[in-house]
Amino acid sequence: MKLRNARLSVLAFVALLTGACVSHPEYAAGVACGTSVVSVSDDFEGARRGTCTVLGPAHFKLDIVPENSPPINDSPWFAFRLSPQQAARVRIKLRYTDGHHRYVPKISYDRIYWQPIDEQSITTSLFRRGASFELNLDERPVYVTAQELILPSDYSLWCTNLERFGTAQCSGLGYSGNRQKIFRIDVNPAERDTLLIVGRQHPPEVSGAFAFFAFADTLFAKTELAQQFREQFRIIAIPMLNPDGVIAGHWRHNPGGVDLNRDWGPFTQPETRLIHDLLQQLDDNGTKIRFFLDFHSTKRNVFYTQNEEFPTDPPGMMNDWLEQSAERIEDYAFENDARAVSEQANSKNYMYKRYGIPTATYEVGDETNRLATQKAAVVFAEELMRLLLGQDYAQ
Ligand SMILES: [Zn+2]
């Protein structure tokens, strides 16, 4: 009798499970997921929706899965579009399979203007393995993303505008593994002394891209300072080294499953090999890279630099730059996190070891105000130009 009861309860449990599956349809990534009220799609560049489970007419669970199995950096990128059939209040439950809630969702109707949702309206689960929020939708489709979508087409547009402006030429450094163009802006290539800046090795690091554009625009501006700088220095800017990762909505890697900012030195990937070839070419031509910056995002505004055990040529320049900038910046608190140069094969370490110059990872907080980020980047660019112009680079 006891055994029979046990069997019955097992059967009841199985029936419950089966019932649960039937009542909550699941759709794999890339497959349309929706109800008569609203659909959740991932059919655009930069999208990442994952498996979509319909929990109710306007209630969905999305499994936000990284591009490669762990270990992978905890930057759970998501991006999807909600297309309502009617005005509705939609509830979204994000489940991070290999990460923790990090990004405040941003919404946009036109992919130009973005608005973070009210942080108070987000409920995170125990240990932040999930987050849920509700959105009031009218009949317009809306994009919901971890950060603003800044795609290869935006970089292309930026390049076109730069060329029209007339102070910089945009060309290609080469092509990514998936044959996407990697843009390169090269100003005054005959000059020996060079400033090299790089961006977007890590796809979700959009706040760093806001800084990159403002910084680069300041270098390419028609101000007296920038014009003088461009007469005496060569500038090489590579705004997006990982276009494939950006298009695929990756958390971290390129399609080869590699963190590009751990591949400076090994240079095993198509994108980093382009860097290898560029540096080789510059060295062969007698070009001198004098300063190097790599734009990223993390949880706060910080510059990762070398500590005093690792002297640079010229000495103390990084500190001078950040201190002079700080005097002019009001609404952008940041740290100079000077550390020992480690074995990690990131760009900052590699460039320091190869050239002995000041190098930094320029990290912008994920949710730092975008306007403050841009205003600070203008000051950082101006102060760097002043400082570089003031150096006596004899040989
Ligand atoms: Zn990064």
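Under the side chain to side chain donor-acceptor pair (under 3.5 Å) test applied with Lys106, the options Glu148, Glu367, Gln115 reduce to a single match, Glu367. Among the candidates Asp98, Leu94, Thr51, the single residue satisfying the side-chain contact (heavy atoms from CB on, under 4.5 Å) test with Ile64 is Leu94.
A salt bridge is absent between Arg252 and Glu67: the closest approach of a Lys/Arg side-chain nitrogen to an acidic carboxylate oxygen does not fall below 4.0 angstrom. Using a 4.0 Å cut-off between charged side-chain N and carboxylate O, Asp283 and Arg354 make a salt bridge. Between Asp43 and Arg81 a salt bridge is recorded (basic side-chain N to carboxylate O distance below 4.0 Å). With salt bridges taken as basic N to acidic carboxylate O contacts below 4.0 Å, none links Asp193 and Lys288.
Side-chain contact annotation: Arg89 with Asn136, donor-acceptor N/O pair under 3.5 Å present. The closest side-chain donor-acceptor pair between Asn301 and Thr368 falls under 3.5 angstrom. In this model, a donor atom of one side chain and an acceptor atom of the other lie less than 3.5 Å apart for Asp259 and His202. Between Gln201 and Asn242, the side chains place no donor N or O within less than 3.5 Å of an acceptor N or O (distance only, hydrogens not considered). A donor-acceptor contact closer than 3.5 angstrom is absent between the side chains of Asp331 and Asn369. When only modelled atom types and interatomic distance are considered, Gln120 and Asp118 share no side-chain donor-acceptor pair under 3.5 Å. No hydrogens or angles considered: nothing links the side chains of Gln180 and Asp244 as a donor-acceptor pair under 3.5 Å.
With sequence neighbours left out, Arg386 forms a side chain to side chain contact (heavy atoms under 4.5 Å, CB included) with Leu225, Arg328, Glu382, Glu383.
No path of Ile, Leu, Val, Met, Phe, Trp and Tyr side chains, each step under 4.5 Å between heavy atoms, connects Met317 with Tyr352, placing them in separate hydrophobic clusters. Using a 4.5 Å cut-off between side-chain heavy atoms of Ile, Leu, Val, Met, Phe, Trp and Tyr, with links allowed through other members, Leu149 and Val104 fall into the same hydrophobic cluster. Under a hydrophobic-cluster definition in which Ile, Leu, Val, Met, Phe, Trp and Tyr are linked whenever side-chain heavy atoms come within less than 4.5 Å, directly or via other members, Phe295 and Trp321 are assigned to the same cluster. Note: the hydrophobic cluster containing Phe44 also contains Leu137 (ILVMFWY, side chain heavy atoms under 4.5 Å, direct or indirect links). Leu157 and Phe165 fall into different hydrophobic clusters, where Ile, Leu, Val, Met, Phe, Trp and Tyr are joined by side-chain heavy atoms under 4.5 Å apart, directly or via other members.
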Open item on the list: Test side chain to side chain donor-acceptor pair (under 3.5 Å) on Asp294 and Thr361; report intermediate values, then the result.
Closed with: CA-CA 5 Å; Asp294 185 6; Thr361 314; 5.6 Å; no
TODO: Might you work through the side chain to side chain donor-acceptor pair (under 3.5 Å) test for His296 and Glu363, ending with a clear yes or no?
DONE: CA-CA 5 Å; His296 287 256; Glu363 301 266 10; 4.8 Å; no
TODO: Could you walk me through whether Asn73 and Ser75 pass the side chain to side chain donor-acceptor pair (under 3.5 Å) test, one step at a time?
DONE: CA-CA 6 Å; Asn73 193 69; Ser75 39; 3.3 Å; yes
- [ ] List the steps, then state whether side-chain contact (heavy atoms from CB on, under 4.5 Å) holds for Lys375 with Val379.
- [x] CA-CA 7 Å; Lys375 283 163 65 184; Val379 174; over 6 Å; no
- [ ] Take Arg91 and Ser132 through the side chain to side chain donor-acceptor pair (under 3.5 Å) test and state the conclusion after the steps.
- [x] CA-CA 7 Å; Arg91 182 161 193 81; Ser132 70; 3.0 Å; yes
TODO: Show your reasoning for whether side-chain contact (heavy atoms from CB on, under 4.5 Å) applies to Tyr393 and Arg192.
DONE: CA-CA 10 Å; Tyr393 290 119; Arg192 181 196 59 177; 3.9 Å; yes
- [ ] Any chance you could lay out the salt bridge (Lys or Arg N to Asp or Glu O under 4.0 Å) test for Asp366 and Arg102, step after step, and finish with the verdict?
- [x] CA-CA 8 Å; Asp366 294 326; Arg102 171 167 169 180; 2.7 Å; yes
Open item on the list: For Arg234 and Thr287: C-alpha separation, side-chain torsions, deciding distance, then whether side-chain contact (heavy atoms from CB on, under 4.5 Å) applies.
Closed with: CA-CA 9 Å; Arg234 179 179 186 177; Thr287 302; 3.5 Å; yes
- [ ] Check the pair Ser39 / Leu82 against side-chain contact (heavy atoms from CB on, under 4.5 Å), numbers first and verdict last.
- [x] CA-CA 6 Å; Ser39 63; Leu82 298 172; over 6 Å; no
Task: Worked verdict on Glu335 versus Arg300 for salt bridge (Lys or Arg N to Asp or Glu O under 4.0 Å) - done: CA-CA 9 Å; Glu335 265 180 73; Arg300 64 201 170 110; 2.6 Å; yes
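Taking every heavy atom of both residues into account, Cys159 and Phe183 meet most closely at SG-CD2, 3.7 Å. Contact record, Ala58 with Val37: CB-CG1, 4.2 Å, taken as the closest heavy-atom pair. Taking all atoms of both residues into account, the shortest heavy-atom contact from Thr167 to Ala221 is CG2-O, 4.5 Å. For the residue pair Val54 and Cys33, the shortest heavy atom distance occurs at CG2-SG, 4.0 Å. Across Gly249 and Arg48, no two heavy atoms sit closer than the pair O-NE, 2.5 Å. Between Ala79 and Thr145, the closest heavy-atom pair is CB-CG2, 3.5 Å.
Looking at Arg290, its side chain never comes within 3.5 Å of a backbone N or O of Leu388 through a donor-acceptor pair. For Arg184 (side chain) and Ile236 (main-chain N/O), no donor-acceptor pair under 3.5 Å exists by modelled atom type.
Ring orientation note: the planes of Phe334 and Phe303 are nearly perpendicular, at an angle over 60° on the 30°/60° scale. Taking the six-membered ring for Trp and thresholds of 30 and 60 degrees, Tyr155 and Phe213 have ring planes inclined between 30 and 60 degrees apart. Relative orientation of the Phe215 and Tyr362 rings is perpendicular, given thresholds of 30° and 60° on the angle between their planes.
For the pair Arg140 and Tyr109, the cation sits on the ring face: its NZ or CZ lies under 6.0 Å from the ring centre, inside 45° of the axis. At least one cation-pi condition fails for Arg273 and Phe267: the charged atom is not both under 6.0 angstrom from the six-membered ring centre and inside a 45 degree cone around its axis. For the pair Lys181 and Tyr175, the NZ or CZ position fails the cation-pi test of under 6.0 Å to the six-membered ring centre and within 45 degrees of the ring normal. Cation-pi geometry between Arg111 and Tyr143 is met: under 6.0 angstrom from the ring centre, within 45 degrees of the axis.
By the 6.0 Å contact criterion, CD on Glu330 is open, its count of non-hydrogen atoms from other residues, nucleotides or ligands being 12 or less. By the 6.0 Å contact criterion, NZ on Lys353 is enclosed, its count of non-hydrogen atoms from other residues, nucleotides or ligands being greater than 12.
At least one side-chain heavy atom of Ile150 sits under 4.5 Å from a side-chain heavy atom of Phe210. Put simply, the side chain of Val364 reaches to within 4.5 Å of the side chain of Tyr332, judged on heavy atoms. Residues Val187 and Leu219 fail the side-chain proximity criterion, which asks for heavy atoms closer than 4.5 Å.
Aromatic ring centres of Phe292 and Trp264: separated by under 6.0 Å.
In this structure, the separation between CD1 on Ile357 and CG on Leu196 is 8.0 Å, given to the nearest 0.5 Å. Here Phe60 contributes atom CZ and His24 contributes atom NE2; the two are 12.5 Å apart, rounded to the nearest 0.5 Å. Considering CD1 of Ile185 and CD1 of Ile235, their distance stands at 10.0 Å, rounded to 0.5 Å.
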